[in-house]
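Read through the structure below, which is laid out as structure tokens, and then see the notes.
What you see is a predicted model, and the numbers here were worked out from it, not measured in a lab. So you know, we letter chains A, B, ... as the sequences are listed, proteins then strands, and number each from 1.
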Protein chains: 2
Amino acid sequence: MLKSPNFELKNMSTISTENYLKKIFNHNKVFGEKINAVKLAQELSVSNAAISDMAKKLSKHGLISYEKYKGIELTDKGEQMALNVIRRHRLWELFLIKVLNMPWSEVHEQAEVLEHHTSEKLIDRIDEFLGYPDFDPHGHPIPRKNGSLPDAQYYISLAEAVEGSSYELMQVDDHEKKLISYLTKVGFVLNTRFVVIDKLDFDKSYTIKFNDTVLSVSQKISESLYLKEIIEAGEKNG
Amino acid sequence: MLKSPNFELKNMSTISTENYLKKIFNHNKVFGEKINAVKLAQELSVSNAAISDMAKKLSKHGLISYEKYKGIELTDKGEQMALNVIRRHRLWELFLIKVLNMPWSEVHEQAEVLEHHTSEKLIDRIDEFLGYPDFDPHGHPIPRKNGSLPDAQYYISLAEAVEGSSYELMQVDDHEKKLISYLTKVGFVLNTRFVVIDKLDFDKSYTIKFNDTVLSVSQKISESLYLKEIIEAGEKNG
DNA sequence: ATATTTTTTTAAGTATGCTTAATTTCTAAA
DNA sequence: TTTAGAAATTAAGCATACTTAAAAAAATAT
């Protein structure tokens, strides 16, 4: 019996494909629309030709649907794979920070590697060890084993904060290693409580105070910091 | 200025090269002699042609010294790299078993992957978390950060055990996933204490008793189990 | 010393996932 | 509706790490 020509439609899970799926998923999550091919190329730092190649392969395997000049979207199957990679990434991040005490600034990069090299059995152990957490250290929801996603946490960004109010730092956009290093250096870490002292109209920067530190935060940075308002005892509104 | 032709003598650490170095190191450690190319090909399940290619590359990078028809040996540089991979492997094994409670039977395989994807900073954290251990769950020494190797532990194998004496199971040869599954299933796990009840000359099998289980162990298996003799209080010999 | 066998190398080919350059296809604006 | 420009594809090439088949080199046996 002759082997049919394209017989090989099996695994299709490589580091590259996992990264494509993740990016496609995230763009859709953040912007609510399908990503277009040129944008995807930029995001992944590859050429348009590479996207063209890979899109063909992912389509063939039923992981994306791609209408040219329109954009790229995950199929259900592709979305499940993306959620799985994201699950591994976020569980590793939490584990590296909470259990192994790795510095924030190194965690993202290492999780970016480990997410592609972790068996389901191992990630389940980590999940169990952490007590089946719903959120990673950035406040992002961790996809569950069954593929469902906990409801997102809604935080405001510092750019929306109000002078005089108190907040707790809940979440920092990752992918910006330098930002996290900087914040760590000045002592402005996750779960730090602070007061907004001033908002300068001039450059849209914020002056905040935590512990005994007064810090000026630029507009750009303020947009990457997510907060929960602290309601002081006594001022609970009913 | 023209680029010189083979300008690229930099990193040279890939999954493949790490596995070559590990095998070369281990053969030398176990047999006390350099491995020959054909043997290495068998061990790595690749063709002789692949060895020929790779040996050239590893030599060029100063990681091995290779005299054809004689054998392959690590240089100091190559040995340091090998020790580093082995360090990562053994620390991961211990971590997966002790901290994450992974079953023995899955640990070797997963460590085999993670050893190639772990930054120095991460492995140092794991080392610290475990309290800078000297031995992995098989009783093998864990290379230290500085490249030194703790003194080996000398255990006897069950095949050398004496009828009537008490022992503790200290070490099991890995690479034999099925053996480890079997031992776990029958409850004969690491650190189990047992008595040798009988040694059958007939087939060189052993009958041992631990907890309330009596187990017959074939000659083949007995050679893969390593023991420490238990000296009962009172029978200390001076 | 010669023949046989084993070891080793070379040559050509494969798959993945990229690259650049050239070309084609489609959109959108005049 | 034509056309300029953007988007997408194709073609050829690269690196890694393999493969098989054939050729060459060295070791061993007679």
Whole angstrom value for the distance that separates C1' of D:dT19 from CE of B:Met54: 15 Å
Nearest listed nucleotide, side chain of A:Ala50, among D:dC18, D:dT9, C:dT19: C:dT19
Touch class at under 4.0 angstrom, heavy-atom based, for B:Ser45 against every strand present: sugar-phosphate
Nearest-angstrom distance from the residue atom NE2 of A:His116 to C1' of C:dG17: 14 Å
Nucleotide C:dT19, atom P - distance to CG of A:Leu44 in whole Å: 10 Å
Side-chain donor-acceptor contact under 3.5 Å, A:Glu223 with A:Ser157: no
Distance in angstrom units between A:Asn19 CG and C:dG17 P, rounded: 11 Å
Touch class at under 4.0 angstrom, heavy-atom based, for A:Lys57 against every strand present: sugar-phosphate
Residue whose nearest DNA chain C nucleotide is more 5′ - B:Ala49 or A:Ser47: B:Ala49
Closest-nucleotide ordering on DNA chain C, the 5'-leading residue of A:Val46 and B:Gly71: B:Gly71
Sugar-phosphate only, base, or nothing, as touched by B:Ala37 at under 4.0 Å among non-hydrogen atoms: sugar-phosphate
A:Ser52 vs D:dA8: side-chain N/O to OP1/OP2 distance below 4.0 Å: no
Heavy-atom side-chain proximity of A:Ile97 to A:Met102 below 4.5 angstrom: no
Of B:Glu106, B:Gln110, B:Glu109, the residue whose pairing with A:Ser119 passes side-chain hydrogen bond (donor to acceptor under 3.5 Å, both in side chains): B:Gln110
A:Tyr69, nearest nucleotide to its side chain (from C:dT7, D:dA7, C:dT10): D:dA7
Side-chain donor-acceptor pair present, A:Ser13, A:Glu18, cut-off under 3.5 Å: yes
B:Arg144 with B:Asp127: basic N within carboxylate O range, under 4.0 Å: no
Nucleotide D:dA8, atom P - distance to CD of A:Gln42 in whole Å: 11 Å
Side-chain N or O of A:Ser16 closer than 4.0 Å to phosphate OP1/OP2 of C:dT16: no
Any A:Tyr66 side-chain nitrogen or oxygen under 4.0 Å from OP1 or OP2 of D:dA8: yes
Side-chain N or O of A:Lys56 closer than 4.0 Å to phosphate OP1/OP2 of D:dT10: yes
Distance, rounded to the nearest Å, where A:Lys39 contributes NZ and D:dA7 contributes P: 12 Å
Atom-to-atom span, CD1 of A:Ile51 to P of C:dC18 - whole angstrom: 8 Å
Nearest-Å distance for atom pair CG/C1', residues B:Asp53 and C:dA11: 11 Å
Phosphate OP1/OP2 of C:dC18: any A:Tyr20 side-chain N/O under 4.0 Å: yes
